[in-house]
Amino acid sequence: MEVNKKLEPLNDLLIFLIPFIMIFGICLIVNGDKSPGGGFQGGAIFTGIFIAIYLVDESKKVDLGVFKLVEKFAFISLTVIILGFLFFTFSDLPHWIKKVYLLTTNTLIGAKVCAGLSLVFYRFSRIEREEE
Amino acid sequence: MKILMKFRKLFIGIFTIIMCAFTLLLMSDVGKGYPVNEVAEYYLANAQAETTASNVVTAIYLNYRVFDTMFEALLLLIAVTAILFIYPIKKKGDLPNGSK
């Protein structure tokens, strides 16, 4: 495609950037309880990886079913964990359980946001291609 | 309607100015020693002790207001489902109206 040829030098750079985007996303999600950031922001940054993969190689086949599965699984687990903690008084729980709870929910939210935004991006990109 | 289309940019400009003025009006109270909501004070004082999260934003969205987070996640799920539903992938043999 014409657009891709213009972007070729940029695309080569993007391949090197992907690991850094990944590290940044993981850092935001894991440190969500200590520093600014968290599941939503980390998930949105993780979407950047899939957008970069699309920009690098447009013809690469991505299975949207996996994204759908991840999104549903993350949402159901998130709901189960949140509702499960309703049975306890949260402030009385031990320290490490609270830490694990924060990390797990942040990770699930991150996975969910990443899967959802990637689905939207890939679907719209596919529509664009079909219309050409 | 024609007049509206003719002065469309003017209307958009006036509307933008009104909205900016309204926002500034709302913001003018912030930071003037206005009595802060007692809930906000409670969060700032007790968030770290109760939830172990030093980031108060995380403490709020994963503990005090966790149902908001849950429904926000549900909202995203519904939005994605709607997009997938409205734009199904066309396969060979599909009718133009999208049905199989």
Side-chain angles (χ1 to χ4, degrees), chain A residues 29 31-41 43 64 67-68 71-72 74-83 85-86 89-106 108-109 111-124 126-131, chain B residues 23 26-27 30-31 36-100:
Chain A
I29 290 177
N31 290 321
D33 56 332
K34 293 173 211 136
S35 60
F40 288 101
Q41 290 87 336
L64 295 188
F67 287 122
K68 286 182 201 171
E71 191 170 18
K72 283 175 204 160
F75 179 69
I76 290 170
S77 349
L78 192 68
T79 317
V80 167
I81 289 174
I82 288 172
L83 295 181
F85 270 89
L86 276 184
T89 314
F90 193 80
S91 47
D92 295 344
L93 288 172
H95 191 82
W96 64 273
I97 291 186
K98 290 178 190 172
K99 284 274 177 207
V100 170
Y101 166 80
L102 287 174
L103 186 64
T104 322
T105 39
N106 258 338
L108 285 174
I109 289 172
K112 206 194 117 41
V113 170
C114 174
L117 292 183
S118 308
L119 261 179
V120 172
F121 174 77
Y122 275 107
R123 180 50 58 95
F124 279 135
R126 199 171 279 184
I127 293 164
E128 293 283 318
R129 232 186 295 166
E130 273 173 5
E131 281 175 358
Chain B
T23 314
L26 287 180
M27 293 290 287
V30 177
V36 186
N37 192 349
E38 59 184 19
V39 180
E41 276 174 354
Y42 177 84
Y43 287 164
L44 287 175
N46 300 315
Q48 195 174 6
E50 283 184 355
T51 66
T52 73
S54 2
N55 183 7
V56 184
V57 177
T58 307
I60 291 172
Y61 85 74
L62 285 182
N63 291 286
Y64 298 116
R65 300 238 172 253
V66 73
F67 286 110
D68 288 8
T69 309
M70 201 177 89
F71 285 109
E72 195 177 332
L74 179 67
L75 192 79
L76 186 70
L77 186 73
I78 291 171
V80 172
T81 315
I83 289 170
L84 296 185
F85 177 74
I86 292 171
Y87 299 109
I89 300 170
K90 281 176 196 158
K91 286 174 189 161
K92 280 176 188 173
D94 279 7
L95 292 171
N97 60 4
S99 57
K100 285 176 187 175

For A/Leu103, is it the side chain, the backbone, both or neither that has a heavy atom under 4.5 Å from a heavy atom of chain B? neither

Which bit of A/Ile82 comes within less than 4.5 Å of chain B, counting heavy atoms only: side chain, backbone, both or neither? side chain

Where do A/Lys98 and B/Glu50 come nearest, in terms of heavy atoms and distance? NZ-O, 2.9 Å

Would you check, one step at a time, whether the test side chain to side chain contact (heavy atoms under 4.5 Å, CB included) holds for A/Ile109 with B/Tyr61? CA-CA 11 Å; A/Ile109 289 172; B/Tyr61 85 74; 4.2 Å; yes

Between A/Leu108 and chain B, which part of the residue has a heavy atom less than 4.5 Å away: side chain, backbone, both or neither? neither

Sorted by number, residues from residues 68-78 of chain B in contact with chain A (heavy atoms, under 4.5 Å): B/Thr69, B/Met70, B/Glu72, B/Ala73, B/Leu74, B/Leu76, B/Leu77

Quick one: does any side-chain atom of B/Thr58 pair with a main-chain N or O of A/Gly32 as donor and acceptor, under 3.5 Å? yes

What are the two closest non-hydrogen atoms of B/Asn55 and A/Ser35, and how far apart are they? ND2-O, 3.0 Å

Please report the interatomic distance NZ(A/Lys99) to OG1(B/Thr52), rounded to the nearest 0.5 Å. 4.5 Å

Does any backbone or side-chain atom of A/Tyr101 lie under 4.5 Å from a heavy atom of chain B? Answer side chain, backbone, both or neither. side chain

Return the option, out of A/Val120, A/Leu78, A/Asn106, A/Val113, with the maximum number of heavy-atom pairs under 4.5 Å with chain B. A/Asn106

Heavy-atom cut-off 4.5 Å, strictly under: side chain, backbone, both or neither for B/Ala49 against chain A? backbone

From A/Arg123 atom CZ to B/Ile86 atom CD1, the distance as rounded to the nearest 0.5 Å: 11.0 Å

So which of B/Ile83, B/Asn63, B/Val57 has the biggest tally of heavy-atom pairs under 4.5 Å with chain A? B/Asn63

If I compare all heavy atoms of A/Leu102 with all of B/Thr51, which pair ends up nearest, and what's the gap? CD1-O, 3.6 Å

